[in-house]
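This structure is a prediction, so every number in the text was calculated from the model and none was measured. Start at 1 and go down the list; that is how both ligands and their atoms are numbered.
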Amino acid sequence: MRAPAGDTAPRGACYSLAAMSLPEIEIPCPDDWHLHLRDADMLGAVLADTAAAFARAIVMPNLKPPVTTAAMAVAYRERIRAALPTASAFEPLMTCYLTDNTDPGDLAAGARDGVFTAAKLYPAGATTNSDAGVTDVARLDPVLAAMSAAGLPLLVHGEVVDDTVDIFDREAVFIERVLEPLRRRHPGLRVVLEHVTTAEAVAYVRGADPARLAATITPHHLVINRNALFAGGIRPHVYCLPVAKRERHRLALVEAACSGDVHFFLGTDSAPHTVAAKENACGCAGIYNSVTALATYLAVFEAAGALGHFEAFACRNGPAFYGLPVNARRVRFGRGAAWQPPAQRATGAGPVQVFAPPLELCWQQVAG
Ligand code: DOR
Ligand code: ZN
């Protein structure tokens with residue numbers, strides 16, 4: 001996380017708050033278990049923001065064209081590594097984009113060779129760059145069986161694509177119509193329901209064996225409800241999918257994240273689009289929050305009186321689910337004067353709006 005400053009500030013700058021004897025916490029370096037890094041002109045700038053804040057990230061495969069094979073994931077991982085700031089130890093964890101034609105053998109080999117950490121199910125048409133996604137989940141059964149056998153987690157964009165279902169109900173309906181039957185067919189499969197947005201999803205995940213079902217929670221869904229989309233006019237920069245829901249759902253997400261429950265962990269779903277693509281008659285879904293994510297989460301945990309559970313959510317529950325070690329490197333966050341994030345991040349593809357949460361950002365990394 002960077003300091004309050006404009007777009008040209010050095011990344012990863014640290015500020016000493018020790019002299020002020022303000023609250024501090026020291027934890028292992030957090031990971032981001034759901035991230036969009038894009039490619040080419042966009043990649044370098046957004047990767048630097050993530051690498052300044054997180055040790056590892058699960059990298060989403062919804063590029064154009066999507067990352068559908070182990071060879072494509074190896075090539076994408078190389079492009080990410082080549083775009084990292086000098087001396088960064090950031091580790092990208094790669095995922096496979098599932099399609100109607102995914103080869104179970106390639107997926108299993110990718111898992112065995114340490115290329116794939118997980119595979120992602122986008123129902124075709126559910127969200128950004130999901131056109132090549134799965135049209136009929138039942139046809140994915142041989143792939144899911146191979147994943148189950150290989151111990152490769154399935155990451156799910158949990159929304160039905162049926163336009164007769166209200167957009168605010170698509171997550172809850174997905175759980176009932178698609179996810180529960182899928183999990184019954186594959187009881188050994190380990191599943192992450194990504195970016196949960198509803199009280200129904202929280203309850204569903206809580207009721208499952210945490211070794212078999214977990215969920216990520218974004219910073220934006222913890223701090224905005226659906227009113228934010230229409231505050232004084234239409235607000236494209238807070239439009240994402242799944243769309244933010246009613247306040248009671250936001251409160252359920254805050255309770256889940258702040259409980260320390262092992263089912264829930266940090267996943268920003270930071271999803272950069274250029275300002276031009278967002279401020280558009282058909283604006284893209286996605287919120288770019290890598291710059292403000294940790295400060296936003298910390299503000300939410302602090303307001304809930306739950307800073308003691310932040311380490312579980314940000315550093316321990318994710319590695320426990322994925323069977324990975326907790327990061328050895330430790331970082332300290334201090335609470336100081338409110339800081340202003342840059343309004344935009346310049347990228348080679350054009351400027352990207354930085355998510356400005358509707359609260360004061362007082363936490364920042366002070367060491368590590
Ligand atoms: O809002 C979103 N943006 N939701 C997604 O599922 C995809 C993401 C993106 O890639 O832009
Ligand atoms: Zn996403």
Side-chain angles (χ1 to χ4, degrees), residues 31-43 46-47 50 54 57-68 76 92-98 117-134 153-161 167-168 170-171 174 178-179 191-198 201 214-224 226 228-229 235-245 265-280 282-290 293 318 345 347 349-350 352-355:
D31 301 303
D32 184 350
W33 299 100
H34 183 125
L35 174 69
H36 299 266
L37 284 175
R38 313 303 191 207
D39 210 348
D41 291 350
M42 184 85 84
L43 173 62
V46 302
L47 175 63
T50 285
F54 297 101
I58 290 273
V59 179
M60 289 296 124
N62 62 334
L63 304 181
K64 294 181 205 165
V67 179
T68 52
Y76 184 32
L93 303 172
M94 308 311 291
T95 59
C96 179
Y97 183 113
L98 298 176
T117 301
K120 178 73 188 266
L121 166 59
Y122 286 106
T127 186
T128 308
N129 298 345
S130 64
D131 299 352
V134 174
L154 176 72
L155 314 184
V156 178
H157 183 104
E159 288 189 286
V160 289
V161 287
I167 191 165
F168 293 101
R170 287 181 192 171
E171 182 174 278
F174 180 90
V178 183
L179 186 56
V191 178
V192 182
L193 183 54
E194 298 286 356
H195 41 54
V196 287
T197 60
T198 57
T216 49
I217 301 181
T218 76
H220 43 280
H221 289 114
L222 290 174
V223 296
I224 59 168
R226 65 191 196 172
L229 284 151
R235 300 287 181 171
H237 295 296
V238 290
Y239 172 56
C240 66
L241 288 170
V243 70
K245 309 293 193 300
F265 42 84
L266 188 161
T268 64
D269 198 15
S270 186
H273 293 277
T274 60
V275 169
K278 294 287 289 174
E279 296 178 7
N280 191 290
C282 186
C284 293
I287 293 177
Y288 181 62
N289 63 26
S290 297
R345 169 66 69 223
T347 81
V352 168
Q353 189 85 8
V354 170
F355 177 58

Are the side chains of [X] and [Y] in touch, meaning some heavy atoms are under 4.5 Å apart?
X    : Y    : answer
Y122 : M60  : yes
L241 : I167 : yes
W33  : V192 : no
F54  : L266 : yes
L154 : L98  : yes

What N/O/S atom of D269 is the closest to the Zn ion (ligand 2)? OD1
Before signing off on this row, confirm whether [X] and ligand 1 have an N or O atom pair separated by under 3.5 Å.
X    : result
Y122 : no
Y239 : no
G286 : yes
L241 : yes
I287 : no

Evaluate the criterion side-chain hydrogen bond (donor to acceptor under 3.5 Å, both in side chains) for residue pair T268 and T218; output intermediate values, then yes/no. CA-CA 5 Å; T268 64; T218 76; over 6 Å; no
Distance-only donor-acceptor check, side chains T197 and K245, under 3.5 Å: yes
Both conditions, 6.0 Å and 45 degrees, for the charged tip of R345 above the ring of Y288: are they met here? no
Examine distances only and state if a side-chain atom of Y239 and a backbone atom of A244 form a donor-acceptor pair shorter than 3.5 Å. no
Would you say [X] contacts ligand 1, with heavy atoms under 4.0 Å as the rule?
X   : value
M60 : no
R38 : yes
N62 : yes

Using a strict 4.0 Å cut-off to heavy atoms of [X], name the atoms of ligand 1 that fall inside it.
X    : result
H157 : 6 (O)
A271 : 3 (N), 8 (C), 9 (C), 11 (O)
C240 : 1 (O)

Mind checking whether H195 and H221 have ring centres under 6.0 Å apart? no
Row for the Zn ion (ligand 2): angle NE2 (H36) to NE2 (H34), 10° precision, value 110°
Nearest-contact summary for atom 3 (N) of ligand 1 - protein heavy atom, Å: A285 O, 3.0 Å
shortest atom 5 (C) of ligand 1-to-protein heavy-atom contact is with T127 OG1, 2.9 Å
Of all the atoms in E194, is at least one N, O or S atom closer to the Zn ion (ligand 2) than 2.8 Å? no
